[in-house]
Amino acid sequence: MTSSEQVPFPASDATTPIARLREIVEKFVQERSWEPFHTPKNLVMALAVEAAELMEHFQWLTPEQGEAVARNPEQREAVADEMADVFCYLLALSSRLGIDLTTAVLRKMEKNVQKYPAEIYRGYFGPDDPRWPGPASSSASQ
């Protein structure tokens, strides 16, 4: 089975539902009878390994060198492959646990909006930011 049989090309984030990607990953796993190996623990460990492989592409790079990866076709493709591995394991884990990723992301973003109000955090990464104006500005705006 080729990817062109699974998703009409050109496919993109704008045109391919997450559910379709989950189906593709599930079918891949089923065709190989890998379900016994795809326990939540194993999937999380594989996800962490793939995330580390993604990090390797940026290890020791300056911020500018990291941005330049997007302009180097070979590096960009290697990074895209690692990102796909991470995403495939995340899709497999969501299937195994019965977690709807869209719902999870939307709920988490609602929590983040409450936890990190834009009027307080705009331009600051948080209280450890050396430029952080301190709790006075936080309490004044709440």
Side-chain angles (χ1 to χ4, degrees), residues 1-135 137-139 141-142:
M1 166 184 6
T2 65
S3 9
S4 61
E5 295 170 16
Q6 300 169 359
V7 175
F9 279 90
S12 72
D13 288 349
T15 61
T16 308
I18 291 174
R20 185 66 184 117
L21 297 176
R22 277 177 67 156
E23 290 170 4
I24 292 166
V25 172
E26 287 170 7
K27 185 172 183 180
F28 179 86
V29 170
Q30 289 167 355
E31 288 174 341
R32 288 151 184 83
S33 300
W34 284 351
E35 296 91 345
F37 311 113
H38 280 211
T39 64
K41 177 200 73 86
N42 288 351
L43 290 169
V44 169
M45 292 177 75
L47 178 61
V49 168
E50 294 300 338
E53 289 179 11
L54 176 59
M55 288 188 301
E56 281 183 309
H57 290 277
F58 296 92
Q59 185 177 17
W60 313 119
L61 299 184
T62 65
E64 296 77 20
Q65 291 168 326
E67 294 290 341
V69 167
R71 297 184 298 277
N72 179 306
E74 294 82 23
Q75 286 180 315
R76 191 172 189 269
E77 183 173 355
V79 166
D81 284 347
E82 297 303 341
M83 290 173 67
D85 287 341
V86 168
F87 194 49
C88 286
Y89 278 119
L90 187 59
L91 290 169
L93 181 62
S94 70
S95 292
R96 186 66 184 239
L97 296 178
I99 294 173
D100 184 285
L101 284 172
T102 299
T103 301
V105 168
L106 294 175
R107 284 184 180 158
K108 182 61 177 178
M109 290 309 298
E110 287 175 11
K111 291 175 185 177
N112 286 344
V113 165
Q114 296 302 310
K115 188 174 180 180
Y116 305 104
E119 61 275 3
I120 296 172
Y121 284 85
R122 186 172 293 110
Y124 303 103
F125 63 78
D128 291 333
D129 187 324
R131 303 166 300 119
W132 182 255
S137 70
S138 301
S139 59
S141 60
Q142 287 183 353

**OP:** Go through the structure and list residues passing salt bridge (charged side-chain N to carboxylate O under 4.0 Å, His left out) with Asp81, not counting sequence neighbours.
**Re:** none
Original post:
Going through the checks in order, is the side-chain contact (heavy atoms from CB on, under 4.5 Å) test met by His57 and Val69?
Top reply: CA-CA 9 Å; His57 290 277; Val69 167; over 6 Å; no
Original post:
Relative to the ring of Phe28, is the ring of Trp34 parallel (under 30°), tilted (30 to 60°) or perpendicular (over 60°)?
Top reply: perpendicular
Original post:
What is the minimum heavy-atom distance between Arg96 and His38, and which atoms define it?
Top reply: NH1-O, 2.7 Å
Original post:
For Arg107 and Glu110, what are the C-alpha separation, side-chain angles and deciding distance, and is it a salt bridge (Lys or Arg N to Asp or Glu O under 4.0 Å)?
Top reply: CA-CA 5 Å; Arg107 284 184 180 158; Glu110 287 175 11; over 6 Å; no
**OP:** Kindly indicate, with the supporting measurements, whether the criterion side-chain contact (heavy atoms from CB on, under 4.5 Å) is fulfilled by Asp85 and Cys88.
**Re:** CA-CA 5 Å; Asp85 287 341; Cys88 286; 5.7 Å; no
Subject >> Heavy-atom pair of closest approach, residues Tyr89 and Leu43 >> reply: CD2-CD2, 3.8 Å
Subject >> Nearest-0.5 Å distance that lies between atom CD in Gln114 and atom CG in Asn112 >> reply: 10.0 Å
**OP:** Give a yes or no on this: more than 12 heavy atoms of other residues, nucleotides or ligands lie within 6.0 Å of atom CZ of Phe58.
**Re:** yes
Original post:
How far apart are the closest heavy atoms of Pro40 and Leu97, and which atoms are they?
Top reply: CG-CD2, 3.6 Å
Original post:
Hey, is CD on Glu77 packed in by over 12 heavy atoms from elsewhere, all under 6.0 Å?
Top reply: no
**OP:** Calculate, to the nearest 0.5 Å, the distance between atoms CG and CG belonging to Leu47 and Leu93 respectively.
**Re:** 7.0 Å
Original post:
Looking only at heavy atoms, what is the nearest atom pair of Ser95 and Glu26, with distance?
Top reply: OG-OE2, 2.6 Å
**OP:** Inspect the surroundings of CD in Gln59 and state if more than 12 heavy atoms from other residues, nucleotides or ligands are less than 6.0 Å away.
**Re:** yes
Original post:
Do Phe125 and Tyr116 pass the side-chain contact (heavy atoms from CB on, under 4.5 Å) test, and can you show the C-alpha distance, the side-chain angles, and the key distance before you say yes or no?
Top reply: CA-CA 10 Å; Phe125 63 78; Tyr116 305 104; over 6 Å; no
Original post:
Rounded to the nearest 0.5 Å, what separation is found between the CD1 atom of Ile99 and the CG atom of Leu91?
Top reply: 12.0 Å
Subject >> Test item: Glu67 side-chain N/O and Glu64 main-chain N/O as donor-acceptor pair under 3.5 Å >> reply: no
Subject >> Approximate separation, where rounding is to 0.5 Å, of Arg22 CZ and Leu90 CG >> reply: 9.5 Å
Original post:
Can you check whether Ser12's main-chain N or O pairs, donor with acceptor, with Thr15's side chain at less than 3.5 Å?
Top reply: yes
**OP:** Go through the structure and list residues passing side-chain hydrogen bond (donor to acceptor under 3.5 Å, both in side chains) with Glu56, not counting sequence neighbours.
**Re:** none
Original post:
Which pair of heavy atoms, one from Tyr124 and one from Asp129, lies closest together, and at what distance?
Top reply: CA-OD2, 3.4 Å
**OP:** Can you measure from CD (Glu50) to CE (Met45) and round to the nearest 0.5 angstrom?
**Re:** 13.0 Å
Subject >> Heavy-atom pair with the smallest gap, counting every atom of Val29 and Glu35 >> reply: CG1-N, 3.8 Å
